There are 2 protein chains.
Amino acid sequence: MFTMTKMEQVPAQGRRLPPPNFHSLLDTIELMGAAIPFARNGEIYGESEPADYVYKVLTGAVRTYKLLSDGRRQIDAFHLPGDIFGLELGDTHTCSAEAISDSTIVVVKRSLVMAAAERNTDVARRLWSTTAAELQRAQQHTLLLIKSAQERVATFLLEMSERLCAEGSLELPMSRQDIADYLGLTIETVSRTLTQLQGAATIALPGSRRIVLRNRPALNRLND
Amino acid sequence: MFTMTKMEQVPAQGRRLPPPNFHSLLDTIELMGAAIPFARNGEIYGESEPADYVYKVLTGAVRTYKLLSDGRRQIDAFHLPGDIFGLELGDTHTCSAEAISDSTIVVVKRSLVMAAAERNTDVARRLWSTTAAELQRAQQHTLLLIKSAQERVATFLLEMSERLCAEGSLELPMSRQDIADYLGLTIETVSRTLTQLQGAATIALPGSRRIVLRNRPALNRLND
DNA sequence: CGGCGGCTTGATCGGTCTCAAGTACGGTGG
DNA sequence: CCACCGTACTTGAGACCGATCAAGCCGCCG
């Protein structure tokens, strides 16, 4: 391993005691920017706008997505508290970003982040790790899109249960339409599939956005 | 841009003057490793094997892919001369890699690359750029997978024509099965769709792996 | 010439989309 | 507190696209 751990050396500048354990690019960014509130469905940035800022979710949730000319929407990722997004290779954004629910987002000038990476090897490494992790996620997402509807939904539920750190019960922040556009399905197919999983006692749906995983092994079986 | 205009330079070892202008992580890597030949369909590495090396295609072509338990295969990317692959966040590979045709690949110890990035800001930046570019590609690939069969094939042809730097005529290195697994279609659908595009005079197929783009605007119309 | 692998073509099947109602829920105003 | 509304979600019937199953074809090499 090389990404993390080994952060225990002196960070760099004049900083005295760093937090005793691991801390990431996320913390660095947090120190450089301002927390801004965004309303539900508020646009954070649009595709092909200048990518002058980098973002980190503090509370709430964010979707990044691309549109095709006829209006089809592909959601690339959901970003939950702690996640960084909006960091681009080129000078314009390749996705749009919107708040899924009311959210607070830390906004940092990208030039600051890049400059910090130039000065500090440690920041540079974490910068790369962040992007590499996002790449890995994107590849898993691609794999998802070749599966059947049931498999996609199962994979999605497992991913969310992992990321929301919920043992048995999830409260999803996103709508069925968001889920559908993430999974490359229609809203009807998502709904039907959830109903179907409920019928099989694999999950329960106490509310439309609340999901209880009753049978993880069954979901895992569908996952791969 | 940063990938390429590719291979006209001296292959590796005793190189003196570096290209006068910009040169990438690719060149750096080239200086650190050894060129190894791989036979068609030869395994370069397997999923979940230790990721101790980083690779760069000199000649030939490489596919990286993931398998589902039931044998379905998703090709994540095709790597052509000049491309880097196999660089991972964790300590094991998340994809398998195989040579599509007889290929020569530069192999470098990953620890060398990472150490170079620690020492040299410039290498660190190029390391990040490489990964960020791959991320962008992966996101485009995801977008592809929500399209219709015709649109996927059209997008694929345009991508390949771009990357192979062929004006009107492409010689594809990969089989129909490879294309199918990249596009999330079956081999039959790929074949039918190509035939169909030929019928519409959008392309011509002088040989099964040679494709002439007769009507780029029509392809572009399908592309988005 | 025969055989084999890669590709094409055809006929049918099935999963997901589409179109169309119907239902539950949350918020707002009476 | 309830009636109303709009939005989100569910459910149903039918169509369609791509998968599947099954031959055939072509080029290449023995």
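Throughout, protein chains are lettered first and strands after them, A, B, ... in sequence-line order, and every chain is numbered starting at 1. Computed from a prediction, not measured in an experiment: that's the story for all the values here.
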### Query
Within this structure, what is the CZ-to-P distance between A/Arg210 and D/dC9, rounded to whole angstrom?
15 Å
### Task
Could you check whether B/Ser208 gets within reach of a base, just the sugar-phosphate, or nothing at all, counting any heavy atom under 4.0 Å?
sugar-phosphate
### Query
In terms of side-chain heavy atoms of A/Thr195, which of D/dC9, C/dT9, D/dT11 is nearest?
D/dT11
### Message
What's A/Arg209 touching, base or sugar-phosphate or nothing? Going by heavy atoms closer than 4.0 Å.
### Response
sugar-phosphate
### Residues A/Arg73 and A/Asp178 bridged, charged N to O under 4.0 Å
yes
### Message
Strictly under 4.0 angstrom, non-hydrogen atoms only: write out the protein contact profile of nucleotides 13-30 of chain D, one letter per nucleotide from the 5' end, B, S or -.
### Response
B----SSBB---------
### Query
How about A/Thr104 and A/Thr59: does a side-chain donor come under 3.5 Å of a side-chain acceptor?
yes
### Query
Can you check whether A/Arg72 has a side-chain N or O nearer than 4.0 Å to OP1 or OP2 of C/dC17?
no
### Query
Just how far, in rounded Å, is C1' of D/dA8 from CD1 of A/Ile179?
12 Å
### Message
List the residues meeting salt bridge (charged side-chain N to carboxylate O under 4.0 Å, His left out) with B/Arg72, not counting sequence neighbours, and say none if there are none.
### Response
A/Glu151, B/Asp70
### Query
Tell me: CD of A/Gln177 to P of D/dC9, nearest whole Å?
9 Å
### Query
Do the rings of B/Phe85 and B/Tyr55 sit parallel, tilted or perpendicular, given the 30° and 60° boundaries?
parallel
### Query
When the distance from CE of A/Met174 to P of D/dC9 is rounded to whole Å, what number comes out?
11 Å
### Summary
With the side chain defined as heavy atoms from C-beta on, A/Ser175 is closest, among D/dT10, C/dT8, D/dC9, to D/dC9
### Query
To the nearest angstrom, how far is A/Gln198 atom CD from C/dA24 atom C1'?
14 Å
### Query
When the distance from CG of B/Leu172 to C1' of C/dG6 is rounded to whole Å, what number comes out?
14 Å
### Query
Thinking salt bridges, do B/Asp181 and B/Arg63 make one under a 4.0 Å N-O criterion?
no
### Message
Measure CG/A/Asp181 against P/D/dA8 and give the value in whole Å, please.
### Response
13 Å
### Message
Between B/Arg163 and B/Phe78 (side chain of the first, backbone of the second, donor and acceptor by atom type, cut-off under 3.5 Å), is there such a pair?
### Response
yes
### Query
Ignoring hydrogens and geometry, is there a side-chain-to-backbone donor-acceptor pair from A/Thr64 to A/Cys95 under 3.5 Å?
no
## Note on the structure
Here the distance between atom P of C/dT16 and atom CD of A/Gln196, to the nearest Å, is 9 Å
